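The structure displayed is predicted, hence computed values, not measured ones.
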Amino acid sequence: MISDLEYMQGAIRLAKKGMYTTDPNPCVGCVIVNRGEIVGEGWHRRAGEPHAEINALQQAGERAKDATVYVTLEPCSHTGKTPPCADALVKAGVKKVFAAMLDPNPLVAGKGLIRLQQAGIEIESGLLEAQAAELNPGFIRRMKSSRPFVRVKLAMSLDGRTAMASGESKWISSEASRNDVQRLRARSSAILTGIGTVLADDPSMNVRLSAAELGVEAVRQPQRIVLDTRLQISPQAKIMNTAGDCTVYTTVNVENEDRYPCTIETIDGQQIDLRALMKKLAAKEINLLHVEAGSVLCGALLKDDLVDEIIVYMAPHIMGDSAKGLFHLPELQQMKDRIALHIKDVRSIGNDIRFTAQPQSRAD
């Protein structure tokens, strides 16, 4: 006999099908079971379209009556772009609902389950909660902290170098690692870089995998964000002239803004306040911010305790003493000043090794 745990695992697998398409909404999966038989399955495909529960209910039809529902996120109780899922479950006459986790929005959390309970539906939450939370780190961070989940991606040599002294950095990592990065980009709401990287490499910072390679109908391009205090960027820069939205944040009052094929936003002050910027990005529904930048910006984010995850691809070669390091952190002078990390995952990607780490200050 299949257990509640296994049904919820199935819902989590369904939720993952939306990882490249649902932003800014969370990935959610749903399984409906009646008398030991799966009668409905669904997942949220993209923002503005029906939620996972609705898709599963449509498949189940009349067999949803007296059924048990397994859903990775608490059913919504408010009307947004779609009607409340909690009301749809009540109308369908389901008997019990397992929700892996509550809605992380403090203004909403628990209200969906209360709506079900008031209708006489048995509820239970917390089954595979940690696994469900891993589906939507950006959405959860934005709801709880009013800022995006910040992931810093870096590539380095065996001796911890990211670029030669000249600034040359193509290519440190293998083709397999670069393809892996494309999938990280595809899951992101936005990609952040600094003007130094733009001037040195003229990157496009887009997703270059095809829809077929991602297993989706169409590739969603993340927004691209450039921090350029003195507005040095050229209107011909690739990052501005590639499909998808691009915003440049600067402290300069812009003249002839029309010559830039992107949005230019001026921030008051001599420098860009990273904490204030994160609040601004959260207000624009940016959940997961993927950072590909030089050591100065990466170091500043880490210093301001804004980094949630660090992904490093280590390639098997040596670049020497004069090459550049991962983070510019000159204020770290003594061993007691070290920034402690928790290694979450280590795996081989082609000939490289990929480390996924979390600053200890972010450990939950």
Given the rule in the side chain to side chain contact (heavy atoms under 4.5 Å, CB included) test, do L302 and V152 qualify, once you have shown the distances and angles that lead to the verdict?
CA-CA 9 Å; L302 193 59; V152 173; over 6 Å; no
Any donor-acceptor pair under 3.5 Å linking the side chain of [X] with the backbone of [Y]?
X    : Y    : result
Q270 : T229 : no
S189 : L288 : yes
D352 : Y313 : no
R141 : N287 : no
R338 : M335 : yes
R220 : A186 : yes
T193 : E292 : yes
D228 : Q232 : yes
N34  : K65  : yes
E74  : L113 : yes

At what distance, to the nearest 0.5 angstrom, does CZ of R45 lie from CG of N55?
6.0 Å
Starting at CZ of R259, measure out to CD1 of I264 and round the result to the nearest 0.5 Å.
9.0 Å
Going by heavy atoms in the side chains, are [X] and [Y] under 4.5 Å from each other?
X    : Y    : value
L135 : L73  : no
I2   : Y7   : yes
H51  : C76  : yes
F139 : T22  : no
M8   : D4   : no
V31  : Q9   : no
L231 : V248 : yes
E213 : V207 : no

Is it the case that the side chains of R161 and S157 hold a donor-acceptor pair, with the cut-off being a distance below 3.5 Å and no angle test?
no
Looking only at non-hydrogen atoms, find the nearest pair between [X] and [Y] and report the distance.
X    : Y    : answer
K95  : I121 : O-CG2, 3.6 Å
S210 : V219 : C-CG2, 3.7 Å
L274 : A300 : CD1-CB, 3.7 Å

For K153, is the NZ atom crowded, meaning more than 12 foreign heavy atoms sit under 6.0 Å from it?
yes
Check against side chain to side chain contact (heavy atoms under 4.5 Å, CB included), M205 and R185
CA-CA 8 Å; M205 293 289 184; R185 288 183 180 181; 3.8 Å; yes
Set out, in order, the CA-CA distance, both residues' side-chain angles and the distance that settles salt bridge (charged side-chain N to carboxylate O under 4.0 Å, His left out) for E265 and K284, then state yes or no.
CA-CA 13 Å; E265 289 202 22; K284 295 184 177 184; 2.4 Å; yes
Option passing salt bridge (charged side-chain N to carboxylate O under 4.0 Å, His left out) with D308 (candidates R147, R151, K144):
R147
List the steps and the verdict of salt bridge (charged side-chain N to carboxylate O under 4.0 Å, His left out) for R354 and D345.
CA-CA 8 Å; R354 188 186 75 187; D345 183 73; 3.7 Å; yes
Take F327 and L154, measure what side chain to side chain contact (heavy atoms under 4.5 Å, CB included) needs, and give me the verdict at the end.
CA-CA 10 Å; F327 296 95; L154 296 157; 3.6 Å; yes
